[in-house]
> 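One structure, as structure tokens, below. Some questions next.
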Amino acid sequence: MTRTACITTPIYYVNDRPHIGHIFTTTLCDAWARAMRLQNCDVFFLTGTDEHGVKVEKSAAEHNVTPQAWADTNAAEFERILPLFQISNTDFIRTTQPRHERQVQEFIQRLQKSGALYKGSFEGWYDEGQEEYLTETRAKECEYKSAVNGKPLVRAQEQNWYFKLSAFSDRLKAHFESHPHFVQPSARMNEVVGRLREGLQDVPMTRTNFTWGIPMPGDPGHVIYVWIDALFNYITALDYTDASPKNPRAHYWPADWHVIGKEILWFHAVIWPAMLMALELPPPTKIHAHSFWISEGKKMSKSLGNFIDLPTIEKYIARYGLDAWRWFMLTRGPIDATDADFRASAFHETYTADLVNTVGNCSSRVTAMIAKTFNGQMPDDIERGGAWPARCQQAVADWQKHFANFQLADAAEDAMKLLRDVDLFINQTEPFKLAKDPAQRERVASILAQCLESVRIASLLLEAFLPQKMAEFAALLGVSGDTSWDVRSRWGALKPGCPVTKVALYPRVESDKS
RNA sequence: GCCGUCGUAGCUCAACCGGUUAGAGCGGAGCACUCAUAAUGCUCAGGUUGGCGGUUCGAGUCCGCCCGUCGGCACCA
């Protein structure tokens with residue numbers, strides 16, 4: 001029986017344009033999904049778009065189109081760009097799809113039956129121009145005036161459906177205690193636990209001031225709040241209103257990882273698990289909340305206009321290649337608790353140091369020596385690998401452990417270390433010198449065979465990060481994607497005599513000193 | 001304001017429960033080598049581990065205070 005794995009990105013709000021943040025999150029998930037697939041896992045990798053809410057309704061009106069048309073256009077853009085980054089998602093869910101809307105209504109009805117919902121009145125500071133409520137702190141910040149038109153905020157009230165979040169306080173606390181790694185990184189876990197200690201308030205889950213959303217079952221005029229609607233995507237994509245074994249997707253839940261940005265942690269770590277508890281469904285296994293990119297030392301913001309947007313990203317890919325882009329995202333990105341800086345100079349240095357000088361050069365020197373010394377054929381290793389099989393096995397084990405813990409950059413480093421060891425080994429054993437002595441031919445054959453086999457295994461470990469060139473390299477060596485993990489991850493997949501040509505995987509790129 | 005991060009070599013970061021001369025990568029300097037994409041390997045960083053005080057046989061690692069940074073505080077990846 002094959003293992004299953006499930007990973008999700010947040011669904012992206014269609015009022016936004018795709019930028020480095022979306023692509024970063026999605027790429028993280030993609031690398032993990034690819035790593036699991038390499039290991040023969042049956043992977044469900046979900047992404048999609050969040051399309052309801054007052055902001056979409058307003059933007060649509062400004063553009064003189066229907067909300068659905070506006071959502072269609074923008075959702076299409078999010079979906080269109082996935083192949084540009086070789087994202088290997090297995091589904092793309094949109095919250096305006098019938099499958100989602102139908103199931104959300106059913107889940108809401110179940111929540112109602114469970115007694116987790118009640119109708120109460122909501123009072124708050126209301127911006128009449130923007131037609132939205134502001135939080136108490138936000139209202140204070142704006143001195144109780146609209147940030148947009150300067151008119152005073154009004155005290156407004158409306159009837160809403162509430163989710164009884166407070167009732168789940170103890171169960172949530174118990175879950176956090178028994179699952180100390182539920183939220184990663186640990187700094188984020190601390191934040192959630194700390195806030196949980198302060199007590200929970202029930203959350204409004206419907207609105208009446210707009211209509212672009214999923215109607216509240218049995219209460220016309222009430223629309224399900226976008227966030228509640230959106231969270232359900234993780235299980236509506238699995239048709240999880242039917243959790244029985246007859247549903248071919250049901251076994252993917254609970255998801256191994258919800259990968260999110262830190263700003264939406266509370267919803268995923270607290271509200272979402274509580275709703276699932278109310279529905280008597282299992283919570284997600286783990287949540288990884290990454291941090292943000294900043295740009296050349298400055299926070300990205302709409303007002304500064306320094307977002308790393310799609311055209312900027314496409315320029316990098318045109319210049320350095322997709323692998324380089326993914327490599328920088330995955331190894332230098334804000335995957336943990338601190339923000340990371342996107343600098344053009346750092347991008348260039350990372351590409352040169354890692355992909356050109358290490359991956360590219362090491363594979364090049366090894367294949368070149370074999371091509372020259374052994375007529376382009378994998379030589380026979382009478383030493384049976386020497387110390388290398390164990391060394392490679394260790395790298396594979398470390399890599400697996402790091403991926404299991406969502407430590408992607410560390411997993412990449414496992415492969416890089418292996419390559420650096422190969423470089424070192426070549427300098428120490430000097431096969432290029434020994435090759436001049438016919439008496440040393442067997443020794444040279446063993447050294448080079450060991451090098452190539454180690455490089456091959458390193459490239460396997462890099463394939464989730466660098467899908468383009470590593471797949472190409474594997475194919476060149478005749479050990480490509482349809483070969484099983486057991487064969488590929490073990491020593492000895494390259495047989496003596498198989499053809500080897502000199503490779504040049506990552507060309508040097510001149511830095512543009514302006 | 002409340003809660004929470006982080007503050008270690010020029011840069012990016014390591015260091016499990018406190019325990020020998022605090023470690024890598026990148027950049028820089030020198031040397032070696034020539035199979036390779038002017039690549040690679042070796043050597044070189046005398047860092048008061050933000051500051052002050054405390055606990056301890058012993059603290060980067062625990063406690064207190066201070067300084068600085070960043071984040072969350074309900075809908076911006």
Side-chain angles (χ1 to χ4, degrees), chain A residues 9-10 12-13 15-16 18-26 28 50 53-55 132-133 135-138 140 165 185-198 201 203-204 225-228 230-231 259-267 270-271 289-294 299-302 307 331-334 336-341 343 345-346 349-350 352-373 409-410 413 416-417 420 422-428 430-435 444 448 451 502-509:
Chain A
T9 75
Y12 302 119
Y13 203 52
N15 229 32
D16 210 352
H19 57 67
I20 190 171
H22 307 107
I23 290 157
F24 174 61
T25 312
T26 309
L28 287 178
D50 179 12
V54 66
K55 285 180 186 165
E132 63 186 15
Y133 284 91
T135 63
E136 191 60 39
T137 44
R138 178 74 186 137
K140 201 172 180 179
L165 181 63
S186 57
R188 297 269 102 85
M189 181 72 168
N190 292 344
E191 263 175 34
V192 173
V193 171
R195 202 168 146 196
L196 209 52
R197 261 199 305 271
E198 293 170 9
Q201 287 176 4
V203 290
Y225 200 26
V226 276
W227 256 109
I228 303 295
L231 285 167
V259 180
I260 59 170
K262 61 187 176 183
E263 83 290 356
I264 54 177
L265 178 59
W266 186 248
F267 294 96
V270 175
I271 297 175
H290 67 246
S291 302
F292 294 156
W293 283 101
I294 60 175
K299 196 168 180 169
M300 280 191 258
S301 75
K302 277 165 195 159
F307 262 90
T331 63
R332 307 301 149 103
D336 287 321
T338 48
D339 292 350
D341 196 3
R343 284 180 189 274
S345 60
E349 282 167 22
T350 300
T352 303
D354 293 350
L355 300 191
V356 179
N357 293 352
T358 305
V359 181
N361 184 61
C362 187
S363 54
S364 172
R365 69 195 300 208
V366 171
T367 52
M369 278 189 276
I370 290 175
K372 197 161 132 190
T373 315
D410 297 298
E413 183 59 20
M416 297 302 280
K417 274 200 199 110
R420 280 186 220 114
V422 171
D423 272 331
L424 177 56
F425 182 64
I426 294 171
N427 280 35
Q428 284 171 343
E430 302 185 311
F432 44 87
K433 270 188 188 167
L434 301 182
V444 174
L448 294 182
C451 287
K502 181 183 166 177
V503 296
L505 297 171
Y506 296 104
R508 196 160 295 278
V509 172

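Numbered from 1 within each chain, the chains take letters A, B, ... in sequence-line order.
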> Can you check the distance between B/G18 and B/U61, where both ends of the measurement are the C1' atom (answer in whole Å)?
6 Å
> Return the value, rounded to whole Å, for the distance between atom CG of A/L424 and atom C1' of B/G25.
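Rounded to whole Å, this separation is 15 Å.
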> Pick base, sugar-phosphate or nothing for A/Q201, based on heavy-atom distances below 4.0 Å to the nucleic acid.
base
> Please assess A/K55 against A/D16 for the test salt bridge (Lys or Arg N to Asp or Glu O under 4.0 Å), listing each intermediate value before the final yes or no.
CA-CA 10 Å; A/K55 285 180 186 165; A/D16 210 352; over 6 Å; no
> Of the nucleotides B/A36, B/C35, B/A74, which has the atom closest to the A/M369 side chain?
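The closest nucleotide is B/C35.
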> Take atom CG of A/L355 and atom P of B/G25, then tell me their distance rounded to the nearest Å.
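Taking CG of A/L355 and P of B/G25, I get 17 Å after rounding.
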> Using a cut-off of 4.0 Å on non-hydrogen atoms, how would the nucleic acid contact of A/T25 be classed: base, sugar-phosphate, or nothing?
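Sugar-phosphate only.
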> On RNA chain B, check which nucleotide each of A/D354 and A/N357 is closest to and give me the residue with the more 5' one.
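Per heavy-atom nearest nucleotide, the more 5' residue is A/D354.
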> For a quick check of understanding: with a heavy-atom distance under 4.0 Å over all strands, which category does A/G21 fall into, base, sugar-phosphate or nothing?
base
> With C1' as the reference atom in both, quote the distance from B/U56 to B/U12 in angstrom, rounded to an integer.
34 Å
> Is any side-chain heavy atom of A/Y12 closer than 4.5 Å to one of A/P18?
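The answer is no; the side chains never approach within 4.5 Å.
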> If we take the C1' atom in both B/G28 and B/C11, what is their distance in whole Å?
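It comes out at 12 Å once rounded to the nearest Å.
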> So what does A/V203 hit on the nucleic acid, given a heavy-atom distance under 4.0 Å: a base, only sugar-phosphate, or nothing?
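Base contact - A/V203 has a heavy atom under 4.0 Å of at least one base atom.
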> For the C1' atoms, the ones on B/U21 and on B/G46, what distance do you get once it is rounded to whole angstrom?
12 Å
> For the P atoms, the ones on B/G1 and on B/C44, what distance do you get once it is rounded to whole angstrom?
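Per the computed distance, 48 Å lies between those P atoms.
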> Tell me what A/L505 touches on the nucleic acid: a base, only sugar-phosphate, or nothing, going by heavy atoms under 4.0 Å.
base
> On a whole-Å scale, what distance lies between the P atoms belonging to B/G47 and B/G23?
14 Å
> Say you pick atom C1' in B/A14 and the same atom in B/G54; how far apart are they, in whole Å?
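The same atom, C1', in both gives a distance of 28 Å.
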> How is A/A504 classified with respect to the nucleic acid when contacts are heavy atoms under 4.0 Å: base, sugar-phosphate, or nothing?
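Touches a base.
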> OG1 of A/T367 to CG of A/L448: how many Å apart, nearest 0.5 Å?
10.5 Å
> Could you work out the separation of B/G58 and B/A45 based on their P atoms and round it to a whole Å?
30 Å
> Given side chains that start at C-beta, do those of A/D341 and A/I294 come closer than 4.5 Å, heavy atoms only?
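A side-chain contact exists here, since the closest heavy-atom pair is under 4.5 Å.
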> When rounded to the nearest 0.5 angstrom, what distance separates CZ in A/R332 from CH2 in A/W293?
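With rounding to 0.5 Å, CZ (A/R332) is 9.5 Å from CH2 (A/W293).
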> Between A/I426 and A/V366, which heavy-atom pair has the shortest distance, and what is it?
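Shortest heavy-atom separation between A/I426 and A/V366 comes out as CD1-CG2, 3.8 Å.
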> Would you kindly give the CZ-to-P distance between A/R420 and B/G25, to the nearest whole Å?
6 Å
> A/K502 NZ to B/A36 C1': how many Å, rounded?
6 Å
> Taking atom types as they are modelled, is there a donor-acceptor pair under 3.5 Å from the base of B/U40 to the side chain of A/N427?
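Counting by modelled atom types and ignoring angles, a donor-acceptor contact under 3.5 Å is found here.
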> Pick base, sugar-phosphate or nothing for A/F292, based on heavy-atom distances below 4.0 Å to the nucleic acid.
base
> So if I define the base as every atom that isn't primed, P, OP1 or OP2, how would nucleotides 2-14 of chain B read as a B/S/- string at a heavy-atom cutoff under 4.0 Å?
SSSS---------
> Evaluate the side-chain proximity of A/T352 to A/N357: yes if any heavy-atom separation is below 4.5 Å, no if none is.
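Heavy-atom side-chain distance check passes, below 4.5 Å.
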> Mind checking whether A/F267 and A/W227 have parallel, tilted or perpendicular rings, split at 30° and 60°?
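Judged by the thresholds at 30° and 60°, the geometry between A/F267 and A/W227 is parallel.
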> Kindly point out which of B/C26, B/C35, B/U37 is positioned nearest to the side chain of A/E349?
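Out of B/C26, B/C35, B/U37, the nucleotide with an atom closest to A/E349's side chain is B/C26.
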